[in-house]
There are 2 protein chains.
Amino acid sequence: MTYEGKVLAALADPTRRAIFEKLAKGRSSVADVARSLPVSQPAISQHLKVLKEAGLVSDEPLGQRRIYSIDPAGLGPLRQWLDRFWEDQLAAFKVLADSDEASGAGPRKPER
Amino acid sequence: MTYEGKVLAALADPTRRAIFEKLAKGRSSVADVARSLPVSQPAISQHLKVLKEAGLVSDEPLGQRRIYSIDPAGLGPLRQWLDRFWEDQLAAFKVLADSDEASGAGPRKPER
DNA sequence: TTCCTTCATAAGTCATGGCTTATCATAAGG
DNA sequence: CCTTATGATAAGCCATGACTTATGAAGGAA
């Protein structure tokens, strides 16, 4: 699977996003994460495994605990993938906007 | 569900990403998309529905066909969500890097 | 009208994945 | 040693979702 695919699949789950957001506020142990969410400790471990394989978190042993923290570089692939469309679409949009300017219409999208 | 949640869930599926990427290269009909992918036309329609509800595509009738195109603004929520972590982590990283500089060490996380 | 094409929806199948409880390994403390 | 705390894994349950085929609606073309 592609890098961005792994990252997207990992972040698509709400519980995993909650874990990720908590770790973004500060590194913490598995039990600490489990205490802050309404799921069991094994569920947390499973989610952390997915996040780790996606390159979004890293872990480090500390005594009998294991401290997990965010790997900010893990968001890189997703960001790059996003930027592709961003640039493509902005370029295409600009062409439309320029042609619309001649007709007096502003670059506006119709609301649903 | 949150906006970024919808977008992430929509883009997490490989087939939907393929559809999205194809539409990014140019607007096209449902049958046209179906011809370019190894799934049936109903499957494509179902995926397009999800993408549309996530705000990632828009459609417009053209005779008996329906032309789908990308809505570039749909990526906004995901991008904003991403930027939050990006900034947070870069800021935290910078603080560590600065404090470590005084001690001559490289940008590394403190132990314990 | 009668085709023919395009597309959406309904209904059903099947695999995936998120969760649980149970269990085991490891590390610290008595 | 034994106990406690922590976390990873196994096994099973069950809901979700990605697909299929079948069908119907809607818009040209004959």
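Order of the sequence lines sets the chain letters (A, B, ...), proteins ahead of strands, with each chain counted from 1.
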- Return no unless some side-chain N or O of Thr15(B) is found under 4.0 Å from OP1 or OP2 of dC19(D). yes
- Query: Does CZ in Arg79(B) sit with more than 12 non-hydrogen atoms of other residues, nucleotides or ligands closer than 6.0 Å?
  - Reply: yes
- Note on the structure: Separation of dT6(C) atom P from Glu60(B) atom CD, nearest Å, is 18 Å
- Message: Without decimals, in angstroms, what is the distance between Asp59(B) CG and dT9(C) P?
- Response: 10 Å
- Query: Roughly, in whole Å, what's the span from CD1 in Ile67(B) to P in dA26(D)?
  - Reply: 19 Å
- Starting at CG of Asp32(A) and ending at P of dA5(D), how long is that distance when rounded to a whole Å? 16 Å
- Task: Let me know, please, whether Gln64(A) or Gln41(A) comes out on the 5' side of the other along DNA chain D by nearest nucleotide.
- Result: Gln64(A)
- Item | Minimum-distance nucleotide (side-chain atoms of Arg66(A) versus dT20(C), dG7(D), dA22(D)) | dG7(D)
- Would you mind telling me which of dA8(D), dA10(C), dC7(C) lies closest to the side-chain atoms of Ser29(B)? dC7(C)
- Note on the structure: Quick note, Asp13(B) side chain, CB onward, closest among dT9(C), dT20(C), dC19(D) is dC19(D)
- How would you label the contact of Pro61(B) with the nucleic acid (heavy atoms, under 4.0 Å): base, sugar-phosphate, or nothing? nothing
- Task: Rounded off to whole Å, could you give me the CG-to-P distance for the Leu37(B) and dA18(D) pair?
- Result: 14 Å
- Of the nucleotides dT6(D), dC7(C), dT20(D), which one has an atom closest to the side chain of Ala31(A)? dT6(D)
- Whole-Å distance separating the CD atom of Gln46(A) from the C1' atom of dA10(D): 10 Å
- Query: Taking the side chain of Val30(A) as its heavy atoms from C-beta onward, which of dG7(D), dG18(C), dA8(C) lies nearest to it?
  - Reply: dG7(D)
- Message: Does a side-chain N or O of Arg65(A) approach OP1 or OP2 of dT26(C) to a distance below 4.0 Å, or not?
- Response: no
- For the pair made of CE in Met1(A) and C1' in dG17(C), what is the distance, rounded to whole Å? 12 Å
- Task: Determine: side-chain N/O of Tyr68(A) to OP1/OP2 of dT6(D), distance under 4.0 Å, yes or no.
- Result: no
- Rounded interatomic separation in angstrom, taking NE2 from His47(B) and P from dA18(D): 6 Å
- Is Tyr3(A) linked to Leu75(A) within one hydrophobic cluster, defined over Ile, Leu, Val, Met, Phe, Trp and Tyr using a side-chain heavy-atom separation of less than 4.5 Å? no
- Query: Looking at the side chain of Val39(A), which of dC19(C), dA8(C), dA18(D) is the nearest nucleotide?
  - Reply: dC19(C)
- Identify whether Ile67(B) and Leu37(B) are in the same connected component of the hydrophobic contact network (ILVMFWY, side-chain heavy atoms under 4.5 Å). no
- Item | Listed once per pair and sorted, the salt bridge (Lys or Arg N to Asp or Glu O under 4.0 Å) pairs that draw on residues 28-52 of chain A, sequence neighbours left out | Asp32(A)-Arg35(A), Lys52(A)-Asp59(A)
- Message: Looking at Arg66(B), I want to see if its CZ is surrounded by more than 12 non-hydrogen atoms of other residues, nucleotides or ligands under 6.0 Å.
- Response: yes
- Query: Taking the side chain of Ser40(B) as its heavy atoms from C-beta onward, which of dC7(C), dT20(D), dA8(D) lies nearest to it?
  - Reply: dT20(D)
